[in-house]
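Below, chains carry the letters A, B, ... as their sequence lines are ordered, and counting in each starts from 1.
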Number of protein chains: 2
Amino acid sequence: MGLSKHDEFTLRDNRIARYAKALAHPARVAILRFLIHKRSCVCGDIVDELPLAQSTVSQHLKELKAAGLILGEIEGTTVCYCIDPKAWAMAEQCLGDLLKSFTDGGSCCAPAKQTIATKR
Amino acid sequence: MGLSKHDEFTLRDNRIARYAKALAHPARVAILRFLIHKRSCVCGDIVDELPLAQSTVSQHLKELKAAGLILGEIEGTTVCYCIDPKAWAMAEQCLGDLLKSFTDGGSCCAPAKQTIATKR
DNA sequence: CCTTGCTATCGTATTTTTACGATCATCATC
DNA sequence: GATGATGATCGTAAAAATACGATAGCAAGG
C-alpha cells in the first residue's frame with residue numbers, strides 16, 4: 001500500500017495536479033520567478049540566488065523540466081534555462097479554469113460560522 | 001539531510017507553494033471540483049465519489065482544510081464541507097499573479113531548438 | 001442505554017520528496 | 001592532451017506524502 005493511485009483519476013485532474021506539484025515547493029516557485037524576471041537564465045545564476053546546494057537546485061530544475069514548464073539549452077559550457085511559453089500557457093489555463101470555476105454564491109454551509117478545528 | 005528548508009524562502013513563495021501543494025494530488029483536485037459542482041457537500045458523498053478508502057479521503061480533506069481552502073461544518077451526524085470563498089479568492093490571486101507574470105516575449109534562449117533531454 | 005451510522009484519528013507500510021556531498025561528463029582553454 | 005569550470009547524476013539519509021485497515025468518538029434512533 002501507499003502506492004499513489006493516479007490512474008484512478010481523470011487525465012484533466014492529473015494534469016492539474018502535475019502542474020500544481022511543480023509549484024508546490026517554494027524553491028521551485030523562486031526559480032520560476034527568477035526565470036521570469038531575468039530573461040537570461042544561466043543555471044549557475046540560479047544556484048547563486050538560492051540557499052541550496054548545486055545538486056539540489058539541479059534536481060529542482062529537473063522536476064520543472066519533467067513537468068514541462070521549462071526548457072534548457074546548452075550554451076557552450078553553461079546551460080541556459082527559460083520558461084516554456086506553450087507549456088506555461090497550458091498550465092495557466094488548466095489552473096486558471098479550476099480556480100475560476102468557483103464563484104462565491106454564498107457557500108452551501110457555514111456561511112458565517114466558525115471553521116471546525118482539529119477536533120469536532 | 002532531507003529537511004525541508006522552507007524558512008529560507010519568502011512568505012509569498014511559501015504561500016504559493018502551500019496552495020499549489022493542496023492542488024498537487026488528483027484526488028484533492030477531484031474533491032475540490034466536486035465541492036464546486038455540487039454546492040451541497042456531505043463528507044460521505046465525497047467518499048462515494050472517489051476510488052479511495054474513507055480514511056484516505058478524510059486525510060485529503062484534512063490537508064485541504066489545513067491549506068485553508070475548505071470549511072467544514074457539523075450538521076447533526078454528518079459533516080458538510082464547502083469551499084472557503086475568501087481563501088479561494090486568495091489562492092486564485094496568488095497563483096494567478098505568478099502565472100500571469102510571464103508573458104511570452106520570445107524566450108531568451110532556445111527559441112526554436114530542441115529541448116535538452118536527460119543526457120547532455 | 002444500546003446500537004447504528006458517520007467521520008476523525010491511529011498505526012503502519014510503502015513510496016516519494018528533499019537535501020547534501022561526491023563524482024562524472026562535457027566543453028573551453030591552455 | 002591536461003586543466004578548469006559548469007552542470008548532471010549517483011548514493012545516501014531523513015522527512016513527508018500516500019494509502020489502508022482498525023479503532024475511537026459522537027450524534028441520532030430505537
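A heavy atom closer than 4.0 Å to some atom of DNA chain C occurs in A:K21, A:H25, A:R28, these being the qualifying members of residues 20-30 of chain A. Within residues 6-18 of chain B, no residue approaches DNA chain D, by heavy-atom distance under 4.0 Å.
Atoms CD (A:E75) and P (C:dA28) sit 11 Å apart, rounded to a whole Å. The distance between atom CD1 of B:I74 and atom P of D:dA28, rounded to the nearest whole Å, is 10 Å. Between A:K65 atom NZ and D:dA8 atom C1' there is a gap of 8 Å when expressed in whole angstrom units. Atom NZ of B:K62 is separated from atom P of D:dA17 by 11 Å (rounded to the nearest Å). Counting to the nearest Å, the P atom of C:dT7 and the CD1 atom of B:I46 are 9 Å from each other. Atom-to-atom, CG of B:D48 to C1' of C:dT7 comes out at 13 Å; the value is rounded to the nearest Å. Note: CD (B:E73) to C1' (D:dC26) measures 16 Å, nearest angstrom. D:dT18 atom C1' lies 14 Å from atom CG of B:L50, rounded to whole Å.
Remark: A:H60 is not in phosphate contact with C:dT17, judged by side-chain N or O atoms under 4.0 Å from OP1 or OP2.
Taking B:R33 as the reference, A:D13 meet the side chain to side chain donor-acceptor pair (under 3.5 Å) condition, with sequence neighbours excluded.
Side-chain atoms of A:F102 and B:L35, non-hydrogen and from C-beta on, never get closer than 4.5 Å to each other. Looking at A:I83 and A:L69, their side chains never come closer than 4.5 Å, going by heavy atoms from C-beta outward.
Distance alone, capped at 3.5 Å, is enough to place a donor-acceptor pair between the A:S101 side chain and the A:L98 backbone. Checking side-chain atoms of A:N14 against main-chain N and O of A:D7 turns up no donor-acceptor pair under 3.5 Å.
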Contact list (N/O, under 3.5 angstrom) for nucleotides 21-24 of chain C vs protein:
unit_1 : atom_1 : unit_2 : atom_2 : d
C:dG21 : N7     : A:S55  : OG     : 3.2
C:dG21 : O6     : A:S55  : OG     : 3.3

Practice prompt. Any chance you could lay out the side-chain contact (heavy atoms from CB on, under 4.5 Å) test for A:L32 and A:I70, step after step, and finish with the verdict?
Written response: CA-CA 8 Å; A:L32 291 171; A:I70 64 174; 3.8 Å; yes
Practice prompt. Could you go through the side-chain contact (heavy atoms from CB on, under 4.5 Å) check for A:F9 and B:L50 one step at a time?
Written response: CA-CA 9 Å; A:F9 298 95; B:L50 299 187; 4.1 Å; yes
List the atom pairs, donor and acceptor, that lie under 3.5 Å between side-chain atoms in residues 85-95 of chain B and the rest of the protein, sequence neighbours left out.
unit_1 : atom_1 : unit_2 : atom_2 : d
B:W88  : NE1    : A:L99  : O      : 2.7

What pairs of donor and acceptor atoms, side-chain ones from residues 16-25 of chain B against any protein atom, are under 3.5 angstrom apart with sequence neighbours left out?
unit_1 : atom_1 : unit_2 : atom_2 : d
B:R18  : NH2    : B:A67  : O      : 3.4
B:H25  : ND1    : B:A27  : N      : 3.0

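Of the two residues near DNA chain D, A:S58 and B:Q59, the one whose nearest nucleotide lies more 5' is A:S58.
Interatomic distance, CG of A:D45 versus CZ of A:F34, reported as 5.0 Å (0.5 Å rounding).
Between B:P51 and A:E8 the shortest heavy-atom distance is CG-CB, 3.5 Å.
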